[in-house]
Amino acid sequence: MESLKRWAAFVLLGLLPLSAAAKPIAFAKGKTLMLEWGAGTMYEAQMFYAPRYWYSVGGGWLELDSEDGLKRRDITYLRANLLAKRWNLPGAQANVFVWGGIGRATGNDFEGSTLSRNVGLQADYETRRVYSSFRSDLHESDRFSHRIDTLQLGWAPYAHEYDQLAMWFVVQGRRYTGGIAKGTETALLVRFFKGGAWVEVGATTDGKLQTMAMFNF
Amino acid sequence: MKIIKTLLFAALLGIAPGVFARTIEMNVNGLVCAFCAQGIEKTLKGFPATEHVFVSLEHRIVAVELKDGQDIGDAALKKAITDAGYALVDIRRTDESIAAIRARVSQDTPLPKVDPAQHHHDKEMPGMDMHE
């Protein structure tokens, strides 16, 4: 019964208008820098260059720290992102992105470094007032496997214009696998963007700082 | 005879800029986020004929004001919008300036949803008002 409820909730969330979502591809010949401070559990920096609007290449660094303080991962990776599908609608846009890459990882519970693999996907849908996005990012190696699932639902108090400051209120739910954190980490965020700069700041329900910045240029 | 030729040449020079529209107005689908639409502005500003670019998310409009006597072909515009990751619905040429378009759309109500299946390109109809 509990499992059925969970599935029902997931389906209902999927029916909600899914992006003023952070995307791994900005625009053709555009560069994207993303920095995230994830509530004491994850820290990530990424830089991508998009030769075309439908793919980008680059790399990143990810640190994962388990909430019990026993596990730490440092992963440095190269990655390619592909816009698998885009729907351009009169008042909305939806996207499906997939990505994959390889890197090197170190951890405090194994010796040396190991080859790590990264795959992921993101689906998002946005209008000028509501958005949702779901992202699943898997980093694994012979020594570990960690998946980070992030669901965001956003609402804009006003529909911004091209040259205006945009503001969004965002609810974020995040789950980790592989012993990083138990349960769902929920955060409330406020997001601003104008021109090529995007800043998002908030806190998890247990009071930890959650913030992200993104720059397109 | 030489005077007539000179006068004719001068008259043609005077008329020539008038055959070019001043601004190209495009309806574009998928325009919902300013952060994401920067690519369109960047691409269109890359055309040598571009003087100014105006984007209205509310009205789903991308307008390009042209330099005097210059133009950008429909195929190049369509490629620019498509390569930026958006869907071009239609193109219209007008004699309005960007400032006039900006003023007009700021007083207008948002556009009704456009049926992409009925889109058209109006290269031969400069000055046509796009909303009616």
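Order of the sequence lines fixes the chain letters, A, B, ..., with proteins taken first and strands second; residue numbering starts at 1 for each chain. For clarity, every value in this text was computed on a predicted model and none was experimentally measured.
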Examine whether an atom of R86(A) lies under 4.5 Å from a heavy atom of chain B, and if so say whether it belongs to the side chain, the backbone or both; otherwise answer neither.
side chain
Exceeds 12 heavy-atom contacts within 6.0 angstrom, atom NZ of K67(B)
yes
Hey, could you give me the CG/OG1 distance between L57(B) and T127(A), rounded to the nearest 0.5 Å?
11.5 Å
Measure from the side-chain N and O atoms of E58(B) to the backbone N and O of E161(A), and report whether any donor-acceptor pair falls under 3.5 Å.
no
If you tally heavy-atom pairs under 4.5 Å against chain A, which of G39(B), G85(B), A84(B) wins?
G85(B)
Nearest-0.5 Å distance, CZ of residue R60(B) to CG of residue N88(A)
12.0 Å
Please round to the nearest 0.5 Å and tell me the distance separating atom CG of D83(B) and atom NZ of K29(A).
7.5 Å
Would the distance check show the side chain of K42(B) and the main-chain N or O of F27(A) forming a donor-acceptor pair, the cut-off being under 3.5 Å?
no
Which portion of T43(B) sits near chain A, non-hydrogen atoms under 4.5 angstrom:
neither
A37(B) versus chain A, heavy atoms under 4.5 Å apart: side chain, backbone, both or neither?
both
If you take all heavy atoms of H160(A) and V32(B), which pair is closest and at what distance?
CE1-O, 3.8 Å
From OH (Y86(B)) to CD (Q93(A)), nearest 0.5 Å:
5.0 Å
Does CG in L209(A) sit with more than 12 non-hydrogen atoms of other residues, nucleotides or ligands closer than 6.0 Å?
yes
Given that the side chain runs from C-beta out, which part of A197(A) has a heavy atom under 4.5 Å from chain B: side chain, backbone, both or neither?
backbone
Give me the atom names and distance for the closest heavy-atom approach of V55(B) to Y162(A).
O-CB, 3.5 Å
